[in-house]
Amino acid sequence: MPKKQAIQLSIVLFISILSVWLLAKNIDRSVLLVGLQNMNSIWLLLAFLCMGLSWLFEALSLIWLSASNKQALSFKTAMHTTLIGQFFNQITPLATGGQPAQLYVLVKRGHHSGSATSLLLMKFLLFQIGLVLSFTLFLIFGYKSLFSTLPSMGYFIVIGYIVHASIIIGLTLVLFHQRTARVLGELLLKPVGWLKKETAHVWQQKLDQFLEQFHLQSLYFIHHKQALMIGMLYTFMQLGFFFIIPYFLFQAFSIHLSLFTSSTFHSFVMMFASIIPTPGGSGAAEMTFSAVFRSFMDEEKLILSMLFWRIITAYSSVVIGVGLTMRGIHRKKTRAKEVLDQP
């Protein structure tokens, strides 16, 4: 694994381990072992299945959005892109590494950088809209449970809404307002012009070509609303399977909490943890999960549920992402060796 990614992954693991230790340091280990022995593995497998289905519907959304513009991704490419994005989301602050990593994958597989960027930004926009709408729906019907558990939650909800609404507005401007995207691009190129005008001129030409293809793709989405609606449906399915994961974990440890309540609280955890500037929300995710679900279960069951929740929703994608990254590096080395060995 590249050194930079290894360091980022180490930071995630350190923060997560520290958070779990702080929460579990006063719990008898023997009690935790008894809880593991009494765990229902079938419910646990269903929780893993939900995570897999969430990835599947994210990939299907990418396939549909790309196919609608006659640049269809294969299922293999879409799944690879999804899992690489999940991996880099987990090891970068505010999940900022996911889209650039996905863009790299698509460009390496022959897709134009402008079209691929537009596709990924559109998918991210649909995800943000889906997240905000889903949480709003849960909030309307479940606000009594939320506020009775955490009376000060209102401040966090407002912060979450402001951050996610700002992302939605910013993405919409970049995708559908050509002048905004061009101004941002030119601002990024200004420092280059100060150092070397010729390089800036070449990059400006590349930027113009990129923006042309980028906005052609974006305009296509404007005029093909059916593609967006189906992409939105797949995104809701992606989020839906993700939100119900704690319910199956709680059943595995004989914790009786309704599907709606567990999903409502999980949506809040996701809304809040995603705006904390630690890699993959590590630390914030564990602490928020503990805070919102503490009143529904014993300490040992809370720790075990939280551990498996993080394993399923975060570390599983990290393990798969590391595997895909290492395989890619191995392939590069193999190809380089083959070239060198040629007479």
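- Ile311 is listed as a side-chain neighbour of Phe48, based on a closest heavy-atom distance under 4.5 Å.
- Met232 places a side-chain heavy atom less than 4.5 Å from the side chain of Thr235.
- Between Ser305 and Phe253, the closest heavy-atom pair is OG-CD1, 3.6 Å.
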Are Gln102 and Lys123 close enough, and set up right, to give a side-chain contact (heavy atoms from CB on, under 4.5 Å), and what steps lead you there? CA-CA 11 Å; Gln102 290 178 319; Lys123 177 65 186 77; over 6 Å; no

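- With ring centers used as reference points, Phe243 lies under 6.0 Å from Phe138.
- Considering all non-hydrogen atoms of both residues, Tyr161 and Met271 come closest at N-CE, 4.2 Å.
- Although no hydrogens or angles enter the test, the distance criterion places no donor-acceptor pair under 3.5 Å between the side chain of Lys301 and the main chain of Ile255.
- The hydrophobic cluster containing Ile244 also contains Phe141, counting ILVMFWY residues as joined when their side-chain heavy atoms lie under 4.5 angstrom apart, directly or transitively.
- There is no path of hydrophobic side-chain contacts, each under 4.5 Å, that joins Ile312 to Leu45.
- Taking all atoms of both residues into account, the shortest heavy-atom contact from Phe296 to Val292 is CE1-O, 3.5 Å.
- Residues Trp55 and Ser317 are in side-chain contact: their nearest non-hydrogen atoms beyond the backbone lie under 4.5 Å apart.
- Inter-residue side-chain proximity for Leu125 and Ile129 is flagged as met; some heavy-atom pair is nearer than 4.5 Å.
- Taking OG of Ser66 as the start and CG of Leu119 as the end, the distance is 6.0 Å to the nearest 0.5 Å.
- Side-chain N or O atoms of Ser54 include one that pairs as donor or acceptor with a backbone N or O of Gln238 at under 3.5 Å.
- Side-chain N or O atoms of Trp309 include none that pairs as donor or acceptor with a backbone N or O of Pro246 at under 3.5 Å.
- The stretch residues 79-91 participates, sequence neighbours left out, in these side chain to side chain donor-acceptor pair (under 3.5 Å) pairs: Glu58-Gln86.
- A donor-acceptor pair under 3.5 Å is formed between the side chain of Ser262 and the backbone N or O of Leu259.
- Under the 3.5 Å distance criterion, the side-chain polar atoms of Asp298 are left unmatched by any main-chain donor or acceptor of Glu300.
- A donor-acceptor pair under 3.5 Å is absent between the side-chain atoms of Thr261 and the main chain of Ser258, judged by distance alone.
- Separation of the Phe250 and Phe293 ring centroids falls under the 6.0 Å cut-off.
- One distance of note links OG of Ser316 with CG of Leu83; it measures 9.0 Å at 0.5 Å rounding.
- Cluster membership check: Met229 does not share its hydrophobic cluster with Leu133, using side-chain heavy-atom separations under 4.5 Å among Ile, Leu, Val, Met, Phe, Trp and Tyr.
- Thr77 contributes no side-chain N or O that, together with a main-chain N or O of Leu73, makes up a donor-acceptor pair within less than 3.5 Å.
- The distance from the CG atom of Leu307 to the OH atom of Tyr315 is 8.0 Å, given to the nearest 0.5 Å.
- Considering NE2 of His266 and CG of Leu239, their distance stands at 10.5 Å, rounded to 0.5 Å.
- No chain of hydrophobic side-chain contacts below 4.5 Å, direct or via other Ile, Leu, Val, Met, Phe, Trp or Tyr residues, connects Val319 to Met51.
- Considering CE of Met270 and OG of Ser263, their distance stands at 12.5 Å, rounded to 0.5 Å.
- The side-chain heavy atoms of Phe272 and Ile159, taken from C-beta on, include no pair separated by under 4.5 Å.
- Taking every heavy atom of both residues into account, Leu44 and Phe308 meet most closely at CD1-CD2, 3.7 Å.
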Verdict with supporting geometry, Leu56 and Phe241, side-chain contact (heavy atoms from CB on, under 4.5 Å): CA-CA 10 Å; Leu56 173 63; Phe241 279 111; over 6 Å; no

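- Proximity of a side-chain donor or acceptor of Thr288 to a complementary backbone N or O of Ala285 within less than 3.5 Å is not detected.
- Within the 4.5 Å cutoff, side-chain heavy atoms of Ser290 are placed close to those of Leu302.
- Side chains of Tyr247 and Phe260 form no contact here, defined as non-hydrogen atoms less than 4.5 Å apart.
- For the atom pair CE of Met79 and CG of Leu60, the computed distance is 8.5 Å after rounding to the nearest 0.5 Å.
- Smallest separation of non-hydrogen atoms from Ala116 and Leu103: CB-CD1, 3.6 Å.
- Counting all heavy atoms, side chain and backbone alike, Ala59 lies closest to Ala78 at O-CB, 3.7 Å.
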side-chain contact (heavy atoms from CB on, under 4.5 Å) evaluation trace for Ile162 with Ser166: CA-CA 6 Å; Ile162 290 173; Ser166 300; 4.2 Å; yes

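- Taken together through direct or relayed side-chain contacts under 4.5 Å among Ile, Leu, Val, Met, Phe, Trp and Tyr, Phe57 and Leu233 form parts of separate hydrophobic clusters.
- Residues Phe242 and Thr313 form a side-chain contact, since some pair of their non-hydrogen atoms from C-beta on lies under 4.5 Å apart.
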Stepwise side-chain contact (heavy atoms from CB on, under 4.5 Å) test for Trp43 and Leu249: CA-CA 6 Å; Trp43 286 107; Leu249 287 175; over 6 Å; no

